[in-house]
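Predicted, not measured: the structure shown is a model, and the values here were computed from it. Scope of the values below: all heavy atoms of this structure, side chains included, with no hydrogens, waters or symmetry mates.
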Amino acid sequence: MDELLLKNILQKKLNNSTEIEIHLFEFCNLSCVFCGQDHDSKEGFDTIQEKALDVIAFMNRSHLDHHIVNIMGGEVFNDQVPDELFLQYELFTKKIVEYANLNNQKLTINWVTNLIFNKVERIDGLLRNLRKLNQDTNLSTSYDFDGRGYAGKVNSIFAKNLERFEDYIYTIGFVLTSPAINNFLNHSDPLFERIYKKYVLYFDYYVPEERSSDLLMPSDRELYDAFIYTATHYPNIYPVKDWLENEVNQMTCYSLNKLTILPDGRHVTCRYLKYKPGQFNNPVDYSSNSNIVTSYIEENKCLSCKWYQRCSLRCFVQADWAKREKMSECLYEKFFDEIVGQV
């Protein structure tokens with residue numbers, strides 16, 4: 001389906017902001033099992049300002065005037081990143097803020113970090129300077145039940161920095177891989193319990209990558225069980241919180257109004273890893289997700305579903321994975337029938 005027609009059909013479900021996801025580089029101090037990046041690569045260190053121009057060009061051609069800008073690596077605050085890059089971060093942000101101010105556009109800027117760093121003064125200085133611009137500048141981080149290994153020294157650094165930067169924490173996400181769901185459902189986690197009581201939490205859908213997808217991709221049944229458990233025990237985790245409280249919700253996916261900028265300067269919608277033919281049900285189009293969005297809503301008869309307005313749909317890249325284990329019925333329809341239908 002043509003993207004313009006698809007946007008018209010889904011108009012009331014689309015977000016009222018764009019998402020601009022910027023991978024400055026892939027250099028990282030961790031090696032999470034669900035991540036397909038090259039964490040030794042420093043490509044992108046010297047092209048940060050060029051990416052600012054790409055962001056401005058996207059803002060200029062967008063019909064929306066609110067942009068959520070997620071800036072990430074790799075790990076942007078990695079202790080091994082040279083001090084010079086922090087000057088580049090500040091200049092990058094000032095450029096896009098200046099454009100937004102001149103054109104009456106709103107920015108929400110999130111620095112996406114694993115919080116595993118010791119050189120805290122650099123981050124303190126950056127955030128203070130950016131907030132002097134009267135700009136909404138935050139940190140987003142993640143907590144993982146499996147795949148990162150919050151133990152020993154790493155766990156201590158994460159917890160310490162979480163407390164130190166708590167006034168900047170915008171959201172904490174966690175990736176719903178199959179092993180993570182198993183741990184979430186079956187094992188107690190004191191640190192997570194503390195985080196749940198204090199911060200805004202949301203879950204991220206696992207995006208398949210070639211190395212570990214057979215082990216990490218959750219089945220629809222596992223996702224359904226995780227959603228039911230969340231609604232029952234942790235109802236303030238998004239987007240489940242929205243599903244429970246709002247009769248009308250927008251899509252969690254921004255891909256129809258999204259730009260992803262990669263370390264080498266390439267522009268994609270959201271898929272950036274190289275995939276082999278046959279790994280998805282539909283042909284891979286790096287410039288648009290229209291074909292997989294169309295396929296999903298047609299297959300699941302979303303537009304005629306009684307829960308369409310309340311449902312925020314799902315990650316369409318994950319849904320199109322050829323080896324995904326499906327349920328005989330839509331897991332979201334079953335969830336709403338089970339949880340909301342009883343209210």
Side-chain angles (χ1 to χ4, degrees), residues 10 12-17 19 34 68 70 110 112 138 140-147 169-207 216-255 293 296-297 300 302 305-319 324-327 329-343:
L10 297 175
K12 293 182 179 180
K13 298 294 287 183
L14 295 179
N15 294 279
N16 55 10
S17 62
E19 181 184 7
F34 49 77
I68 299 173
N70 294 318
N110 300 313
V112 182
N138 313 287
S140 292
T141 190
S142 60
Y143 185 79
D144 295 290
F145 298 96
D146 183 273
I169 301 295
Y170 181 67
T171 52
I172 300 177
F174 55 95
V175 181
L176 290 181
T177 63
S178 178
I181 291 173
N182 178 63
N183 284 341
F184 179 49
L185 298 183
N186 298 300
H187 300 284
S188 61
D189 188 327
L191 179 56
F192 174 75
E193 296 293 338
R194 297 202 302 271
I195 290 173
Y196 175 73
K197 294 175 182 177
K198 195 170 186 178
Y199 298 96
V200 175
L201 270 65
Y202 72 96
F203 63 72
D204 267 337
Y205 288 99
Y206 168 68
V207 177
L216 300 182
M217 176 64 76
S219 66
D220 279 4
R221 168 58 66 174
E222 288 175 316
L223 286 174
Y224 170 79
D225 290 342
F227 298 160
I228 293 290
Y229 185 78
T230 300
T232 304
H233 299 280
Y234 302 99
N236 289 326
I237 295 177
Y238 290 91
V240 171
K241 180 178 174 64
D242 285 332
W243 298 347
L244 298 176
E245 297 180 359
N246 304 330
E247 292 184 2
V248 178
N249 288 300
Q250 295 177 319
M251 294 163 53
T252 54
C253 174
Y254 283 80
S255 65
V293 175
Y296 181 82
I297 63 175
N300 292 279
C302 296
C305 177
K306 62 183 177 181
W307 299 113
Y308 173 69
Q309 295 297 334
R310 188 179 288 263
C311 183
S312 55
L313 306 181
R314 68 181 296 171
C315 170
F316 301 107
V317 173
Q318 184 191 81
R324 177 172 65 90
E325 294 182 32
K326 303 179 182 180
M327 293 170 57
E329 56 190 310
C330 172
L331 73 95
Y332 298 93
E333 183 176 5
K334 183 175 176 62
F335 169 86
F336 288 123
D337 284 343
E338 176 69 20
I339 297 296
V340 182
Q342 295 179 358
V343 178

Can you list the steps and then say if Met217 with Gln318 is a side chain to side chain contact (heavy atoms under 4.5 Å, CB included)?
CA-CA 8 Å; Met217 176 64 76; Gln318 184 191 81; 3.6 Å; yes

State whether the side chain of Gln309 and the backbone N or O of Val248 hold a donor-acceptor pair below 3.5 Å, judged by distance alone.
no

Scanning both residues in full, the closest heavy-atom pair of Leu313 with Thr252 reads O-OG1, 4.3 Å

What residues form a side chain to side chain donor-acceptor pair (under 3.5 Å) with Asn110, not counting sequence neighbours?
Asn70, Asn138

Distance under 6.0 Å and angle within 45° of the ring axis: does Lys13 meet both against Tyr308?
yes

Angle between ring planes, His233 versus Tyr229, binned at 30° and 60°: parallel, tilted or perpendicular?
tilted

How many angstroms lie between atom OH of Tyr296 and atom SG of Cys315, to the nearest 0.5 angstrom?
10.5 Å

Between Val200 and Tyr170, what is the shortest heavy-atom contact and its length?
CB-O, 3.8 Å

Return the minimal non-hydrogen interatomic distance between Phe203 and Ile237, and the atom names on each side.
N-CG2, 4.3 Å

Side chain to side chain contact (heavy atoms under 4.5 Å, CB included) assessment of Ile68 paired with Asn15:
CA-CA 11 Å; Ile68 299 173; Asn15 294 279; over 6 Å; no

Do any side-chain atoms of residues 190-197 form donor-acceptor pairs under 3.5 angstrom with protein atoms, and if so which ones, sequence neighbours left out?
from	atom 1	to	atom 2	distance (Å)
Glu193	OE2	Tyr234	OH	2.4
Tyr196	OH	Asn236	N	3.1

How long is the span from the SG atom in Cys302 to the CD atom in Glu333, to the nearest 0.5 Å?
9.5 Å

Would you name the heavy atoms of Ser142 and Asp144 that are closest together and state the gap between them?
OG-OD2, 3.7 Å

What distance do Thr232 atom OG1 and Glu338 atom CD have between them, rounded to the nearest 0.5 Å?
8.5 Å

If you apply the rule side chain to side chain contact (heavy atoms under 4.5 Å, CB included), what do you find for Tyr205 with Leu176, and how did you get there?
CA-CA 6 Å; Tyr205 288 99; Leu176 290 181; 5.6 Å; no

Just how far is it from atom OG1 of Thr171 to atom OH of Tyr199, taken to the nearest 0.5 Å?
12.5 Å

If the plane angle is over 60° it's perpendicular, under 30° parallel, otherwise tilted; pick one for Phe227 and Tyr332.
tilted

When rounded to the nearest 0.5 angstrom, what distance separates CZ in Arg314 from SG in Cys253?
11.5 Å

Is the backbone of Asn249 close enough, under 3.5 Å, to the side chain of Arg310 for a donor and an acceptor to pair up by distance?
no

Please step through side chain to side chain contact (heavy atoms under 4.5 Å, CB included) for the pair His187 and Phe145, ending with a clear verdict.
CA-CA 9 Å; His187 300 284; Phe145 298 96; over 6 Å; no

Got a second to check how far Tyr224's OH is from Ile181's CD1, nearest 0.5 Å?
13.5 Å

Do Asp189 and Tyr143 pair up side chain to side chain, a donor and an acceptor below 3.5 Å, judged on atom types alone?
yes

Got a salt bridge between Glu245 and Lys241, using NZ or NE/NH1/NH2 to carboxylate O under 4.0 Å?
yes

Taking all non-hydrogen atoms of both residues, which atom of Phe184 and which atom of Ala226 are closest, and how far apart?
CE2-O, 4.2 Å

Compare all side-chain heavy atoms of Val175 with those of Leu216 and state whether any distance is below 4.5 angstrom.
no

Heavy-atom donor-acceptor pair, Gln250 side chain to Leu14 backbone, under 3.5 Å:
yes

